[in-house]
Number of protein chains: 2
Amino acid sequence: MVDAHARRTELAEAVWRIVVRDGLEQASVRNVAREAGLSMGSLRHYFTTQSELLGFALRLVGERIEERIRAVDTTGDQRAVVRSMIDEMLPLDRPRRGECEVWLAFTARAVVEPTMAGLRKEIDERLTDAFAAMIRRLADAGALRPGLDQKVEAERLYALVDGVILHALLRPGRTSNATAKATVGAHLDQIAPAAADER
Amino acid sequence: MVDAHARRTELAEAVWRIVVRDGLEQASVRNVAREAGLSMGSLRHYFTTQSELLGFALRLVGERIEERIRAVDTTGDQRAVVRSMIDEMLPLDRPRRGECEVWLAFTARAVVEPTMAGLRKEIDERLTDAFAAMIRRLADAGALRPGLDQKVEAERLYALVDGVILHALLRPGRTSNATAKATVGAHLDQIAPAAADER
DNA sequence: TTGTTGCTAACACAACTGTGCTAGATAAGC
DNA sequence: GCTTATCTAGCACAGTTGTGTTAGCAACAA
């Protein structure tokens, strides 16, 4: 007997592959079942409805990203720490790019689909907290430029990163990866200049 | 005889209404025809394929936004001018919100659909130019903070605005509109502080 | 051995999809 | 008047969709 959770994870990963390759609209129960090498009857044994399957797949993406962020070494220069945390969100390599594409596909649908809006809101709140924590981390280390409103800066950084992710997804290639890192780097240099850290 | 271009515009607007109300995946030829009050045979007289219809609808959104940006009064304080231009892109009222939702739906699909990727790239280039022009406008007026790389700042502003739009779409309501304006305002204050303009 | 339970497969159903095709309606040019 | 081009409507086709139902399979407990 196979662990039920492992099977569900396998199916979620099949969803990811399809979303990345063909888009969310191709993630039908039949296609997912075929991609996972199962019959659609089997799939329905683990996920009764399609939204249940898609929701599980998205939630798993969020958990993976959070896990990687938690794994970042938080000692040393706090500007570098925040930079590393943001790097874990950017689509800089294949798996991370896949995660971001899944995120985007769900995000776009959540705008009109009330079912997904709840889950999307939950993720949004988690991310809001994460970026607030990053700004607080800079402030506590005395690295944040004086006179900045922490709440506004958290939202600004959050929006910037989402925009950078979007652009990196839409302009594939090495140069766009460099642009993404440079853009985030320039922003961090602006809100937490090296000089302010070295007093 | 009705003007063919007017008919095509009517159909594009029907696409928008459906995308905003039910999402892009509901924009089937039947639904669009019904929404516009035409038979699907008539629709196919104006648009042979579905992608042709959807492409026309997206292009029209871009043209409308560009038109509004061109209409902005460019005299006076250049920081205020840039702020007004960006306001024309943000989903602050119903019609602009609709435009942004259509943009997001197409954007998400363009990541995996090669057909739409071309059009999406064209729009991206236009927007890149638009934001570069905004930064140049600030620089020429002596309002841009010294020491900033204009190319990087254009990309940073572009990414920030896209992120702000995304967040405003996902968190409907008055407060999120205020947040959006505040976030953009804070960014402009940072890259073009009032002090630098008043020497 | 017989049940029982977790799991897999396969098919049926009604609804929907994009596109092709044909025929009728309307208006413009002569 | 007639002809021609433009426009509209409707149906057919083959395909896909989500979900429900039914039956068969393996593994394990009594």
Side-chain angles (χ1 to χ4, degrees), chain A residues 1-19 21-58 105-106 108-110 112-117 119, chain B residues 1-19 21-58 102 105-106 108-110 112-119:
Chain A
M1 175 175 118
V2 188
D3 180 17
H5 190 269
R7 251 300 135 77
R8 286 165 71 95
T9 305
E10 268 178 42
L11 285 164
E13 284 167 352
V15 171
W16 299 350
R17 286 196 296 275
I18 291 175
V19 169
R21 184 170 4 103
D22 312 308
L24 183 57
E25 56 278 355
Q26 290 301 318
S28 65
V29 287
R30 277 171 185 78
N31 288 348
V32 173
R34 192 182 323 126
E35 176 74 32
L38 268 77
S39 77
M40 49 191 263
S42 307
L43 188 152
R44 287 204 70 226
H45 182 257
Y46 295 98
F47 297 100
T48 329
T49 72
Q50 193 191 22
S51 5
E52 202 183 322
L53 165 64
L54 299 183
F56 183 84
L58 178 57
F106 277 94
R109 183 165 289 193
V112 289
E113 198 120 343
T115 324
M116 291 180 173
L119 178 52
Chain B
M1 175 175 120
V2 189
D3 180 18
H5 189 269
R7 250 302 133 76
R8 286 165 71 95
T9 306
E10 267 177 43
L11 285 164
E13 285 168 351
V15 171
W16 300 351
R17 287 197 296 275
I18 291 175
V19 169
R21 183 169 8 101
D22 313 307
L24 183 57
E25 54 278 357
Q26 291 301 317
S28 64
V29 287
R30 277 171 186 78
N31 288 349
V32 172
R34 193 183 321 126
E35 176 74 31
L38 269 80
S39 77
M40 52 190 260
S42 307
L43 187 151
R44 286 205 68 224
H45 183 258
Y46 295 98
F47 297 100
T48 330
T49 72
Q50 193 191 22
S51 4
E52 201 183 320
L53 165 64
L54 299 183
F56 182 85
L58 178 57
V102 171
F106 278 94
R109 184 165 289 195
V112 289
E113 197 119 346
T115 323
M116 292 181 173
L119 177 52

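The sequence lines fix the lettering, A, B, ..., with proteins before strands; numbering per chain opens at 1. Quick caveat, the model's predicted, so the values are computed rather than measured. What you see below is based on every heavy atom in this structure, not just the backbone, and it leaves out hydrogens, waters and symmetry mates.
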Atom of F47(B), atom of L11(B) and distance for their closest heavy-atom approach:
CE1-CD1, 3.8 Å
On the 0 to 90° scale, with breaks at 30° and 60°, tag the H5(B)-F56(B) ring pair as parallel, tilted or perpendicular.
perpendicular
Rounded to the nearest 0.5 Å, what separates atom CZ in R7(A) from atom CG in L38(A)?
5.0 Å
Shortest side-chain distance from Q50(A), nucleotide among dC7(D), dT19(D), dG20(C)
dT19(D)
Ignoring backbone atoms, test whether N31(A) places a side-chain nitrogen or oxygen under 4.0 Å from the OP1 or OP2 oxygen of dT17(D).
yes
Taking CE from M40(A) and C1' from dG18(D), how many angstroms apart are they, rounded to a whole number?
8 Å
Which residue lies toward the 5' end of DNA chain C, R30(B) or R30(A), if each is placed at its nearest nucleotide?
R30(A)
Starting at CD of Q26(A) and ending at C1' of dG18(C), how long is that distance when rounded to a whole Å?
13 Å
Quick one: R34(A) CZ to dA10(C) P, roughly how many Å, whole number?
13 Å
For the residue pair Q26(B) and E35(B), establish whether any side-chain heavy-atom pair is separated by less than 4.5 Å.
no
Write down the distance between CD (E25(B)) and P (dG18(C)), rounded to a whole number of angstrom.
12 Å
On the nucleotide dC7(D), are OP1 or OP2 found under 4.0 Å from the side-chain N or O atoms that S42(B) carries?
no
Return the value, rounded to whole Å, for the distance between atom NE2 of H45(A) and atom P of dT22(D).
17 Å
To the nearest angstrom, the CZ-P distance between R8(A) and dC7(C) comes to 11 Å
With heavy atoms under 4.0 Å as the rule, sort T48(A) into base, sugar-phosphate or nothing.
nothing
Please confirm whether the shortest side-chain N or O distance from Y46(A) to OP1 or OP2 of dG6(C) is below 4.0 Å.
no
Whole-Å distance between dG20(D) C1' and L43(A) CG?
15 Å
Per atom distances to the R7(B) side chain, the nearest of dT8(D), dG20(C), dT8(C) is dT8(D)
Let me know the distance between CG of L38(A) and C1' of dG6(C), rounded to the nearest Å.
14 Å
Of the options dA9(C), dT17(C), dT17(D), whose atoms approach the side-chain atoms of S39(A) most closely?
dA9(C)
Shortest side-chain distance from S28(B), nucleotide among dA9(D), dT19(D), dG18(C)
dG18(C)
Is there a side-chain contact between R44(A) and the phosphate of dG20(D), meaning an N or O under 4.0 Å from OP1 or OP2?
yes
Nearest-0.5 Å distance, CG of residue L43(B) to CZ of residue R34(B)
12.0 Å
